[in-house]
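These numbers were taken from a predicted model, which means no experiment stands behind them.
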Amino acid sequence: MEDGVSPQKQRIMREAAKLFASKGYDATGISDILEAVGLGKGALYHHIGSKEALLYDISRAHVVQMVAVGEEILARDEPADVKLRELSRQLIRTIATSLPEVTVFFAEHRAVTGDRRKELMQLRHRFEEIWAAILKQGEHEGIFRPTDEIDVKGVLGTFNYTYVWFKPRGSVSPEQLADRYVELLLGGLKPD
């Protein structure tokens with residue numbers, strides 16, 4: 001969760017994310033959240049503001065984290081394939097450790113409106129730009145073939161869709177899964 005968020009709000013966000021991920025945002029009522037966190041209505045609203053604000057906070061947390069991680073990896077003085085592998089591992093780790101939150105972002109972010117929705121889309125776009133920059137770096141280094149926006153969306157789709165089926169306590173670790181994806185991608189990204 002984000003720095004500066006109280007432990008109580010973190011707990012509310014985690015429980016609400018589980019509910020939104022399993023039941024859906026629209027089907028989850030405030031009474032469901034109240035029951036899950038054991039608070040009265042006034043105390044809950046003190047921490048969340050509104051149900052939509054809660055959805056926004058849940059959706060935003062992991063994207064902000066991944067953009068920050070991506071910016072740091074992008075700034076490193078390393079070859080593109082090393083950056084691609086590290087960013088891939090970080091993304092799959094985030095999916096594994098924040099599965100309800102990631103599920104909520106992908107399944108429910110459209111319920112966020114106005115400036116909040118605009119910010120979520122800008123964060124998502126920036127994350128795509130980081131991936132595109134790493135692929136472009138690899139092209140300049142001669143280790144990746146030329147790529148475009150479709151390639152970036154395909155690569156990200158491969159990783160992001162993992163939230164639908166990945167079991168964090170399954171037979172494959174997040175790092176192993178990321179490495180398998182990267183090996184598949186590197187084979188397809190080799191220059192002719």
With a 4.0 Å cut-off on N to O distance, would you call E139 and R145 a salt bridge?
no
Counting distance only, does the side-chain N/O of S173 pair as donor-acceptor with the main-chain N or O of Q176 below 3.5 Å?
yes
Residue from D151, L74, V155 passing side chain to side chain contact (heavy atoms under 4.5 Å, CB included) with W131
V155
Between E141 (side chain) and A80 (backbone), is there a donor-acceptor pair under 3.5 Å?
yes
Residues 25-44 vs side-chain hydrogen bond (donor to acceptor under 3.5 Å, both in side chains), sequence neighbours excluded, gives K23-D32
Within the side chain of E119, is there an N or O that forms a donor-acceptor pair under 3.5 Å with the backbone of R60?
no
Answer yes or no: is there an ion pair linking R180 with E183, defined by an N-O contact shorter than 4.0 Å?
no
Just jot down the salt bridge (Lys or Arg N to Asp or Glu O under 4.0 Å) partners of E52, sequence neighbours excluded, or say none.
none
Should E72 and R76 be marked as a salt bridge (Lys or Arg N to Asp or Glu O under 4.0 Å) after you check the CA-CA gap, both sets of side-chain angles, and the distance that decides it?
CA-CA 7 Å; E72 187 273 322; R76 292 179 187 171; 2.9 Å; yes
Using the salt bridge (Lys or Arg N to Asp or Glu O under 4.0 Å) criterion, which residues pair with E86? Sequence neighbours excluded.
R93
Between Y161 and V152, is there a shared hydrophobic cluster once you connect ILVMFWY residues whose side-chain heavy atoms come closer than 4.5 Å?
yes
Ignoring hydrogens and geometry beyond distance, is a side-chain donor-acceptor pair present between S50 and Y45 at under 3.5 Å?
no
